[in-house]
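Structure first, commentary second.
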Amino acid sequence: MNRKANSLLPLLVFVALSVLQIDGISVFAQGPPRPSLPPIPIKGDTTHTLTKHFNHSSPAPKAPDAKGFIQRWLVLEPVKKNIARNNVIMDSFLKTNFAADNFSNDYNIVPKNGGTEKIGDQELKWHALDCKQFNFNLFHFTYALNKPRYGILVWLVTVVNSPEEMQNVRMTAGCNSGSMWWLNGQEVLTLSGDRDMIADNVTSQRLTLKKGKNIIRGAVINGPGMANFAVRFVDEKGKPIKNFTVSYE
């Protein structure tokens, strides 16, 4: 028995030393304790302001940008929608949701800047804004107001003031993800499906801008991801039309 115990002793010593060596390596590999990370801001926290990406519209009419894109819009705060995927945004989906959450069946109405609308159980405010880029980024708009940024429906209105009647013009639009557009009460564009915002993604049939005021109404709907849009008019050669002004009343 003593001989057997003596023969096992070197093996036990080897195992004990190996365990101590492994523990030592683990301790040194871990290094000194890391400093505590700063707390993650709560979901509703935001330091964004509207003026980072937009200017508050002035009463003076505004020309489109150098490429004819309309930058001034009356924008209603977002209607919250339960949309898990953008591939459900097809024509029938757009028509159903825009009809259900419409602020007015009069498509020539121009809301008041700072006015409110009651849609479902939500009290929503209109904002007259000029975007600083050619496209109006609704993600920046909703984030600045600390409003829902995904799964939203946003109504838009602007007034195009034409110095003369313009025939055979076309409206073009791009958006994330789906939208519909009306000119002077008539539906002129539908963008359905899971789209990225591409300028001039869809072009209308030939239209007429009447002399004086022309009312554009739009509605953009989006599930997950970014939401923005861009709208302009082009002539029969596809060149941008710029000889008009835009106002919010």
Side-chain angles (χ1 to χ4, degrees), residues 48-78 103-104 106-117 123-147 154-175 179-186 188-189 197 199-200 204 207-220 227-235 239-249:
H48 283 198
T49 62
L50 280 171
T51 53
K52 182 173 183 178
H53 299 284
F54 310 98
N55 293 316
H56 294 286
S57 302
S58 72
K62 176 179 172 58
D65 78 354
K67 294 185 178 180
F69 287 101
I70 296 171
Q71 296 172 290
R72 174 167 293 177
W73 295 91
L74 275 164
V75 190
L76 187 62
E77 292 172 349
F103 69 92
S104 173
D106 180 358
Y107 282 76
N108 285 314
I109 194 170
V110 179
K112 296 294 183 183
N113 180 29
T116 59
E117 307 287 352
E123 189 83 17
L124 307 171
K125 182 179 178 181
W126 288 98
H127 299 261
L129 298 170
D130 299 347
C131 55
K132 295 183 179 180
Q133 305 297 324
F134 80 95
N135 61 313
F136 196 110
N137 194 311
L138 293 169
F139 183 90
H140 291 157
F141 169 71
T142 53
Y143 185 44
L145 296 178
N146 199 21
K147 298 291 183 179
V154 180
W155 287 102
L156 311 146
V157 176
T158 198
V159 180
V160 171
N161 306 291
S162 178
E164 59 186 0
E165 183 179 280
M166 299 186 203
Q167 297 183 358
N168 299 321
V169 305
R170 298 176 189 268
M171 182 191 292
T172 74
C175 76
S179 65
M180 292 179 69
W181 302 89
W182 296 261
L183 176 66
N184 296 326
Q186 301 298 313
V188 295
L189 281 176
M197 209 304 291
D200 305 330
S204 73
L207 305 169
T208 296
L209 283 175
K210 62 186 181 181
K211 182 178 180 179
K213 291 187 176 183
N214 298 265
I215 312 302
I216 299 176
R217 185 194 287 201
V220 175
N228 65 112
F229 68 91
V231 173
R232 66 176 172 175
F233 289 100
V234 297
D235 63 19
K239 294 182 178 180
I241 295 172
K242 298 180 286 184
N243 60 327
F244 61 86
T245 61
V246 185
S247 60
Y248 61 83
E249 57 185 12

Residue pair Lys125, Leu76: steps toward the side-chain contact (heavy atoms from CB on, under 4.5 Å) verdict: CA-CA 6 Å; Lys125 182 179 178 181; Leu76 187 62; 5.7 Å; no

Please find the pair of heavy atoms, one from [X] and one from [Y], that lie closest to each other, and give the distance.
X	Y	value
Ala60	Arg72	O-NH1, 2.7 Å
Pro240	Arg232	CB-NH1, 3.9 Å
Asp106	Ile109	O-CG2, 3.1 Å
Thr208	Glu165	CG2-CG, 3.7 Å
Phe244	Pro64	O-CD, 3.1 Å
Phe136	Cys131	CD1-CB, 3.8 Å

Distance in Å, [X] [atom1] paired with [Y] [atom2], rounded so as to fall on 0.5 Å steps:
X	Y	atom1	atom2	result
Gln71	Phe134	CD	CZ	10.0 Å
His140	Thr142	NE2	OG1	9.0 Å
Phe103	Trp126	CZ	CH2	4.0 Å
Leu74	Ile216	CG	CD1	12.0 Å
Thr116	Leu124	OG1	CG	8.5 Å
Tyr248	Ser58	OH	OG	7.0 Å

Is any side-chain heavy atom of [X] closer than 4.5 Å to a side-chain heavy atom of [Y]?
X	Y	value
Thr245	Lys62	no
Val231	Thr172	no
Leu50	Leu145	yes
Val159	Val246	no
Phe69	Gln133	no
Ile241	Asn243	yes

Over 12 foreign heavy atoms within 6.0 Å of NZ, Lys132: yes

In this structure, are over 12 heavy atoms from other groups packed under 6.0 Å from Glu123 atom CD?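 Atom CD in Glu123 is crowded, with more than 12 foreign heavy atoms closer than 6.0 Å.
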
Verify whether one side chain among His127 and Glu77 offers a donor that lies under 3.5 Å from an acceptor in the other. yes

Asn161 and Ser247 side chains, donor-acceptor separation under 3.5 Å: yes

On the 0 to 90° scale, with breaks at 30° and 60°, tag the Trp181-Phe229 ring pair as parallel, tilted or perpendicular.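 Judged by the thresholds at 30° and 60°, the geometry between Trp181 and Phe229 is tilted.
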
Listed partners of Asn184 passing side-chain hydrogen bond (donor to acceptor under 3.5 Å, both in side chains), at least two apart: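 Here the qualifying residues are Asn214.
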
Looking at [X] and [Y], would you say the former's side chain and the latter's main chain have a donor-acceptor pair under 3.5 Å?
X	Y	value
Asn55	Asp130	no
Ser57	Leu129	yes
Asn228	Asn135	no

Decide yes or no on side-chain contact (heavy atoms from CB on, under 4.5 Å) for Met171 and Leu207, but give the supporting numbers first. CA-CA 8 Å; Met171 182 191 292; Leu207 305 169; 4.0 Å; yes

Would you check, one step at a time, whether the test side-chain contact (heavy atoms from CB on, under 4.5 Å) holds for Val75 with Val154? CA-CA 7 Å; Val75 190; Val154 180; 3.6 Å; yes

Walk me through whether Tyr107 and Val157 qualify under side-chain contact (heavy atoms from CB on, under 4.5 Å). CA-CA 9 Å; Tyr107 282 76; Val157 176; over 6 Å; no

Checking Lys242 against Asp65 for the salt bridge (charged side-chain N to carboxylate O under 4.0 Å, His left out) test, could you report, in this order, the C-alpha distance in whole Å, the side-chain angles of both residues, the deciding distance, and whether it holds? CA-CA 8 Å; Lys242 298 180 286 184; Asp65 78 354; over 6 Å; no

State whether Arg170 and Asp235 are salt-bridged, where the test is any N-O pair (Lys NZ or Arg NE/NH1/NH2 against Asp/Glu carboxylate O) under 4.0 Å.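 No.
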
